[in-house]
S.K.: 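First the structure, then my questions, so here it is.
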Amino acid sequence: MNSRAKHRKEKTVTIIWCFIMVHLSSHLLKRYHNGYVVIRLALAGHKQANRPFYRIVAAHNKRSRDGKYIEQLGSFDPLPNIYNEKLVGFNFDRIKYWIGCGAHLTKPVAKLLGLSGFFPLHPMTVTEAERRRAQAKLAETAAGTEDPQQEEQKQADV
Amino acid sequence: MAALGTARCLFQSFYRVKDVQRIRKTLLKCNARTFCDETSVKGGAKPRFTDAAVQDILTRITGLDLQKVFRPIKQEMKPPTYKLMTDEQLEQAIQFATEEAKKQLQMPPVLPERKPIDDVLAVDKILDGMDTAKYVFTDITYSIPHRERFIVVREPDGTLRKATWEERDRLVQVYFPKLGRKLMPHVLFKEENLKIVFSQDRHEDVLNLCLVQFEPGSADYIRVHEATYEDLEKNGKYNLLRSTRHFGGLAWYLVNARRVDGLIADMLRRDMLQDAISLVSLFHMVHPHSESAQEATSQQAAGTDLLKIYSQKESQRSGYIELALQAYEEKAAEGSAS
């Protein structure tokens with residue numbers, strides 16, 4: 001009898017403790033773990049191989065990338081469709097709210113927002129564009145030097 | 001027994017119409033929104049489609065054939081319900097059905113073709129070659145009307161421009177799908193396929209599909225409507241659209257193109273004199289500077305005189321109209337004599 005009563009008491013205590021903990025978790029997260037809210041890309045494909053699809057999501061920093069988020073703010077499809085477009089959707093109203101609440105942004109999200117014109121251009125976008133142009137030039141000159149060589153060979157064969 | 005029969009007929013068709021009304025309601029919602037945008041005309045300016053007087057005439061010409069409006073549509077098979085009613089209840093049911101029919105006959109808006117968007121927001125040459133694909137950014141905020149939504153495209157060469165109307169329609173359908181609309185328009189809307197469908201007399205189906213798929217004011221919507229109206233005018237098959245919501249649009253198109261003769265002849269053939277008179281008065285409203293309009297205002301004509309003036313001044317088939325008028329007057333004389 002006594003043990004059963006004790007067991008019941010412990011159960012109620014743990015239940016009350018969990019109840020308090022749930023409500024205090026956001027505050028604890030802030031002060032204890034120095035957690036904050038981020039707006040980032042979360043993979044949403046349910047582990048479909050070779051077909052990525054991202055959700056733009058406001059989540060706590062320490063949560064896993066694809067885990068529980070606070071709110072979905074949009075989506076990003078990195079594979080181009082039949083019209084050669086990569087579709088990005090942003091819920092600007094809610095993004096403004098979360099940035100107002102002090103959310104941080106990750107680099108990819110900042111780049112996308114810069115490309116959309118909502119934010120100023122991210123410097124890395126410019127750097128990437130320059131790098132790509134340099135690569136393209138190199139590839140062109142390489143192709144250029146190859147072609148004359150091939151033509152010489154053909155002439156030699158003939 | 002007859003009362004029972006009509007009640008059964010009414011309730012059968014009414015019952016089967018329930019599911020289609022859901023689709024029609026979405027159509028009505030879309031149409032009602034743009035319908036309220038236009039305000040009434042100022043005095044002296046050209047009468048528009050949405051004026052109260054014009055709408056009144058068009059609704060009158062459209063007619064209200066309950067049997068046609070509530071005809072059986074292809075739906076899931078259900079056993080019919082039968083109801084036993086008194087005469088009073090039957091009248092009430094018919095009144096209710098008339099009101100429902102009026103709602104279903106609400107005319108879709110006729111808008112001028114929308115101007116293409118070509119607004120460039122930023123030209124960033126430093127971003128040239130950043131990617132091989134375009135980035136399309138849509139604002140997904142739920143509470144903005146689709147017309148005011150921001151949809152911008154970042155091209156691979158770095159220019160940030162607003163999306164064209166076709167891109168906008170497609171993306172709004174991706175993020176906020178509408179029932180019945182497809183991302184790629186149906187193959188039916190190509191010229192060759194339209195011809196085949198017209199030869200099968202399915203103009204109404206084409207127009208209903210067009211209404212669901214395209215925005216009023218888009219180039220495709222206007223093109224399909226014009227093709228349908230031209231085909232109907234060429235073959236004189238006006239009766240296909242009578243008592244449907246598209247008849248008003250047909251009448252408006254013909255009046256604006258000044259080719260009302262065929263329609264008037266058809267109405268006279270079916271003994272719809274009042275409709276013919278309303279049509280001529282609408283013509284005078286829209287073209288107040290034509291000869292027949294000026295004659296009519298000077299003579300203060302009404303009734304069959306209007307038709308006579310119109311046939312003398314304006315129409316190319318005046319012979320037919322005058323003959324038909326004579327026949328009608330003879331019949332009226334005989335009727336009053338006997």
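A, B, ... follow the sequence lines: proteins, then strands. Residue 1 opens every chain.
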S.K.: Quick check on A:Phe76 against chain B: is it the side chain, the backbone, both or neither that has a heavy atom closer than 4.5 Å?
M.R.: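 When you check distances to chain B, only side chain atoms of A:Phe76 fall under 4.5 Å.
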S.K.: Taking CD in B:Glu226 as the centre, count heavy atoms belonging to other residues, nucleotides or ligands within less than 6.0 Å. Is the count above 12?
M.R.: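 Above 12, so yes.
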S.K.: So, A:Arg133 side chain and B:Asp128 main chain: donor-acceptor pair closer than 3.5 Å or not?
M.R.: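 Yes, A:Arg133 side chain to B:Asp128 backbone: donor-acceptor pair under 3.5 Å.
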S.K.: Does NZ belonging to B:Lys237 count more than 12 external heavy atoms closer than 6.0 Å?
M.R.: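 It does: B:Lys237 NZ has more than 12 such atoms within range.
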S.K.: Under 4.5 Å between any side-chain heavy atoms of B:Asp124 and A:Val126, yes or no?
M.R.: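 B:Asp124 vs A:Val126: side chains apart.
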S.K.: Between B:Val152, B:Leu160, B:Val174, which has the largest tally of heavy atom pairs under 4.5 Å with chain A?
M.R.: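 Ranked by contacts with chain A, first place is B:Leu160.
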S.K.: B:Tyr175 versus chain A, heavy atoms under 4.5 Å apart: side chain, backbone, both or neither?
M.R.: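 Contact with chain A involves the side chain of B:Tyr175 alone.
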S.K.: What's the separation between atom OG1 in B:Thr141 and atom CZ in A:Phe90, rounded to the nearest 0.5 Å?
M.R.: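 Interatomic distance, B:Thr141 OG1 to A:Phe90 CZ, rounded to 0.5 Å: 11.5 Å.
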S.K.: When rounded to the nearest 0.5 angstrom, what distance separates CG in A:Leu113 from CZ in B:Phe137?
M.R.: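 Here the interatomic distance stands at 8.0 Å.
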S.K.: Sort A:Asp77 into side chain, backbone, both or neither according to what part of it lies under 4.5 angstrom from a heavy atom of chain B.
M.R.: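 A:Asp77 has no heavy atom closer than 4.5 Å to chain B.
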S.K.: How many angstroms lie between CE in B:Met130 and NZ in A:Lys111, if you round to the nearest 0.5 Å?
M.R.: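 One finds 11.5 Å between CE of B:Met130 and NZ of A:Lys111.
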S.K.: Does any backbone or side-chain atom of A:Leu73 lie under 4.5 Å from a heavy atom of chain B? Answer side chain, backbone, both or neither.
M.R.: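 No part of A:Leu73 comes within 4.5 Å of chain B.
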S.K.: Quick check: do A:Glu128 and B:Asp131 have side-chain heavy atoms less than 4.5 Å from each other?
M.R.: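 A side-chain contact under 4.5 Å is absent here.
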S.K.: What closest approach, in Å, do A:Ile82 and B:Met184 show between heavy atoms, and which atom pair accounts for it?
M.R.: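 Looking at all heavy atoms of both residues, the shortest contact is CD1-SD, 4.4 Å.
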S.K.: Using heavy-atom distances under 4.5 Å, tell me whether A:Glu85 contacts chain B through its side chain, its backbone, both, or neither.
M.R.: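 The answer is both parts of A:Glu85.
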S.K.: In terms of heavy-atom contacts, does CZ of A:Arg94 have more than 12 from other residues, nucleotides or ligands at under 6.0 Å?
M.R.: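 Yes.
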S.K.: Please identify, among B:Asp139, B:Ile126, B:Leu171, B:Ile144, the residue contributing the most non-hydrogen atom pairs under 4.5 Å to chain A.
M.R.: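 The residue among B:Asp139, B:Ile126, B:Leu171, B:Ile144 with the greatest pair count is B:Asp139.
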S.K.: Could you tell me which of A:Gly89, A:Gly117, A:Pro80 has the largest number of non-hydrogen atom pairs under 4.5 Å with chain B?
M.R.: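 Top count of heavy-atom pairs under 4.5 Å with chain B: A:Gly89.
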S.K.: Any heavy-atom pair between the side chains of B:Phe150 and A:Ser116 that's under 4.5 Å?
M.R.: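 No, too far: nothing below the 4.5 Å cut-off.
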S.K.: What residue in A:Leu121, A:Val88, A:Leu87 has the most heavy-atom pairs under 4.5 Å with chain B?
M.R.: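 Greatest number of close heavy-atom pairs with chain B: A:Val88.
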S.K.: For the CD atom of B:Glu167 and the OH atom of A:Tyr83, what is their distance to the nearest 0.5 Å?
M.R.: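 Answer rounded to 0.5 Å: 10.0 Å.
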S.K.: Would you name the heavy atoms of A:Gly114 and B:Arg154 that are closest together and state the gap between them?
M.R.: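 Nearest heavy atoms, A:Gly114 then B:Arg154: O-NH2, 3.6 Å.
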S.K.: For chain B, find which of A:Asn81, A:Asn84, A:Leu112 contributes the most heavy-atom pairs closer than 4.5 angstrom.
M.R.: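 Most heavy-atom pairs within the cutoff with chain B belong to A:Asn84.
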